[in-house]
J.: 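Pasting in a structure now, in structure tokens, and then I'll have a few things to ask.
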Amino acid sequence: MRNRFAGLSSLLRNLETIEQKRLTGHAIALGAVAGTVVLRWLFGLNEGDAPFSLFFSAIAVAAAFGGTEPALVATLASLFAVRMTTEAPLAAGLLFAVEALAIVCVVLLLKASIERERKRISAMEPWMLELKSTERQGRVVESAFSQLDEAADTVVVVLDGVGRVSSWRAGATRLYGVPAADIVGENPAPLFDDLSDDGFARLLSAARQGEAGHTGRQRRNDGSVFDADVRIRPLSRGGFDGFAMSVRDLTHEQAYRQLQQDADFANRQLLTLRHVTDPSLNSLSGGEFVATLLDRLRAAIDAEGVALVSMENFRRRVVCAASGLQCERGVYRPPLDLRRADAGRTLMIHNDKAAVAESSVAGWPADVSSLMAMPVVRAGSAHATVEVAYRTGRRATEWEIALVQVAAARIAGFQDERYADSGAVA
């Protein structure tokens, strides 16, 4: 029962609203006609040759604001007012009615057209909002591109759906030296020094599935090349709306990386040199001094064996580094080996086992194929030799030779004459 009463109340309210709208339309129609009558009386048009003038405007107003029924009411009211205030013939009244109906039709058609246009504009409002949002996003992207143009090592080039250049900004001109007028609409494949046209086409095809990258050489307009990291991203799925190609110049980055590597290498060399020339070694006894120094030298130059060979009283004394290859005991070497004419020179043997076996005084295993022998010179004569052995055919670098020279100089300057007392005698 309550639901029925609520439904009836809602129906009555709807009927009341409809009736109010209808009465409002009729009131507008009658008000427009009454206003026209007053205007005609004020301007003295009641007795003129056009008794129905100004009433068409009242009918148009009634049709525009009320619709068909108010327009008909305004037509009848206008006809009645003219007949009551003038002596207009019946034929003129009928002609007025026909013209009034035509005006009503025109006004209603215009009203319907305006209503359709209003609905269309209302339906387009979400699209307009989306367009505004897209425009704002475009301005943000434009601002980001402008900031990239200011960057010294990264530029962005926009490609169309088939891979041709559609936007070439100032940063790209600065990086490649190519003006926009010469490249917009062209294929950017010639910019890739190490990619053919087919290679660029494959890169673009991969970018349609997602981001694709290539690190290699790029070619400037003057023919010079530079290393760059290129990333191609689709602007929409499949890349049908185009691509954004970002190019990052690696020249400065590689130069910085090389400088960093050089600095690290120099720092390691400095630490190694400090390790070999450590003054605290001077506090050790002769045997401990030599053994410790040889161990540090072997680790610093990554040798497989290091030994100090000295000849005293026709006896060969050998001190090997505690780690790495050890000299073979009982190997005979003539006592005058250290006094030969070239004993004061550095001996370098590379990848020759027979030459190592013939020249080495320390007596290394037979599989040693490379040898460096550095004389320990004191007072202008060679008193000992530092031998560095490698099983592989390895060439010593200038830095390694310099370290061996430093170690030999330290041994030569060590004042404790007993530095070889702990060495093996053969």
Side-chain angles (χ1 to χ4, degrees), residues 268-313 315-333 335 337-338 346-350 353 356-357 359-378 382-397 399-426:
R268 289 194 299 270
Q269 288 183 330
L270 179 60
L271 293 176
T272 302
L273 184 60
R274 288 178 177 175
H275 193 57
V276 173
T277 60
D278 185 4
S280 64
L281 294 180
N282 294 333
S283 62
L284 302 177
S285 63
E288 291 178 337
F289 168 80
V290 172
T292 303
L293 182 61
L294 294 182
D295 274 336
R296 293 188 178 187
L297 177 62
R298 194 196 72 83
I301 63 177
D302 196 24
E304 295 186 66
V306 177
L308 173 66
V309 182
S310 63
M311 301 296 296
E312 295 181 358
N313 301 323
R315 292 187 305 170
R316 180 181 65 131
R317 293 184 178 274
V318 180
V319 179
C320 287
S323 57
L325 289 178
Q326 301 296 308
C327 303
E328 295 181 348
R329 301 295 180 89
V331 177
Y332 173 75
R333 288 290 183 271
D337 276 352
L338 291 178
T346 300
L347 176 65
M348 304 289 295
I349 299 176
H350 170 64
K353 295 180 181 179
V356 170
S359 303
S360 174
V361 182
W364 297 104
D367 58 350
V368 172
S369 62
S370 298
L371 178 71
M372 174 171 48
M374 182 72 63
V376 178
V377 180
R378 180 186 297 169
H383 290 265
T385 299
V386 177
E387 291 192 1
V388 180
Y390 298 95
R391 280 196 172 103
T392 59
R394 182 176 181 274
R395 292 183 182 274
T397 65
W399 167 247
E400 292 170 344
I401 295 174
L403 276 182
V404 177
Q405 289 176 337
V406 169
R410 286 213 66 185
I411 294 173
F414 192 67
Q415 297 300 319
D416 189 348
E417 297 294 340
R418 297 171 299 165
Y419 64 81
D421 286 351
S422 60
V425 179

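In what follows, every heavy atom counts, from backbone to side chain, and hydrogens, waters and symmetry copies are set aside. Everything quoted here is computed from the prediction, not taken from an experiment.
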J.: Measuring only between side-chain heavy atoms, which start at C-beta, is C320 closer than 4.5 Å to L294?
T.: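 A side-chain contact is absent here, since even the closest heavy-atom pair is not under 4.5 Å.
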
J.: Just by distance, do the side chain of E387 and the backbone of T385 share a donor-acceptor pair under 3.5 Å?
T.: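 No; judged by distance alone, with no hydrogens or angles, the pair does not exist.
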
J.: Hey, are the side chains of M374 and V388 touching, using non-hydrogen atoms and a 4.5 Å cut-off?
T.: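 The answer is no, as the side chains (C-beta and beyond) never meet within the 4.5 Å cut-off.
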
J.: Is it true that R391 and S369 share a donor-acceptor pair across their side chains at a distance under 3.5 Å?
T.: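 Not at all, the side chains of S369 and R391 share no donor-acceptor pair under 3.5 Å.
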
J.: Going from CZ on R296 to CD1 on I301, what distance comes out if it is rounded to the nearest 0.5 angstrom?
T.: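 The distance works out to 15.0 Å.
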
J.: Looking only at non-hydrogen atoms, find the nearest pair between L297 and A407 and report the distance.
T.: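 For L297 and A407, the tightest heavy-atom pair comes out as CD2-CB, 3.8 Å.
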
J.: Hey, is the main chain of A303 close enough, under 3.5 Å, to the side chain of R298 for a donor-acceptor pair?
T.: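 It does hold such a pair.
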
J.: Return the minimal non-hydrogen interatomic distance between W364 and G305, and the atom names on each side.
T.: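 So the minimum-distance heavy-atom pair works out to CH2-C, 3.7 Å.
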
J.: Residues two or more places apart in sequence or in another chain: which of them pass salt bridge (charged side-chain N to carboxylate O under 4.0 Å, His left out) with R395?
T.: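 Once residues adjacent in sequence are excluded, R395 has no partner under the salt bridge (charged side-chain N to carboxylate O under 4.0 Å, His left out) criterion.
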
J.: Only counting residues at least two apart or in another chain, list the ones meeting side chain to side chain donor-acceptor pair (under 3.5 Å) with E304.
T.: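 Listed in chain order: nothing, the list is empty.
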
J.: Out of the candidates V361, V309, L308, only one should pair with V318 under the side chain to side chain contact (heavy atoms under 4.5 Å, CB included) rule; please name it.
T.: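 Looking at V361, V309, L308, the match for V318 under the side chain to side chain contact (heavy atoms under 4.5 Å, CB included) is V309.
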
J.: Considering only heavy atoms from C-beta outward, does the side chain of M372 approach that of L347 to under 4.5 Å?
T.: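 M372 does not reach L347 side chain to side chain.
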
J.: Do you know which two heavy atoms are closest between D295 and A322, and how far apart they sit?
T.: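 Scanning both residues completely, I find the closest heavy atoms to be OD1-N, 2.8 Å.
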
J.: How far apart are the closest heavy atoms of V376 and A408, and which atoms are they?
T.: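 Taking every non-hydrogen atom into account, CG1-O, 3.6 Å.
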
J.: Would you give the length of the straight line joining atom CE of M348 to atom OG1 of T346, rounded to the nearest 0.5 angstrom?
T.: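 Between atom CE of M348 and atom OG1 of T346 there are 8.0 Å.
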
J.: Minimum heavy-atom separation for A362 and A307, please, with both atom names.
T.: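 Taking A362 first and A307 second, the nearest heavy atoms are CB-CB, 4.3 Å.
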
J.: Just by modelled atom types, is the Y390 backbone N or O under 3.5 Å from a matching donor or acceptor in the S370 side chain?
T.: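 The answer is no, because no donor-acceptor pair under 3.5 Å joins these two groups.
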
J.: Do F289 and R410 have side chains that get closer than 4.5 Å, going by heavy atoms?
T.: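 Sidechains of R410 and F289: in contact.
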
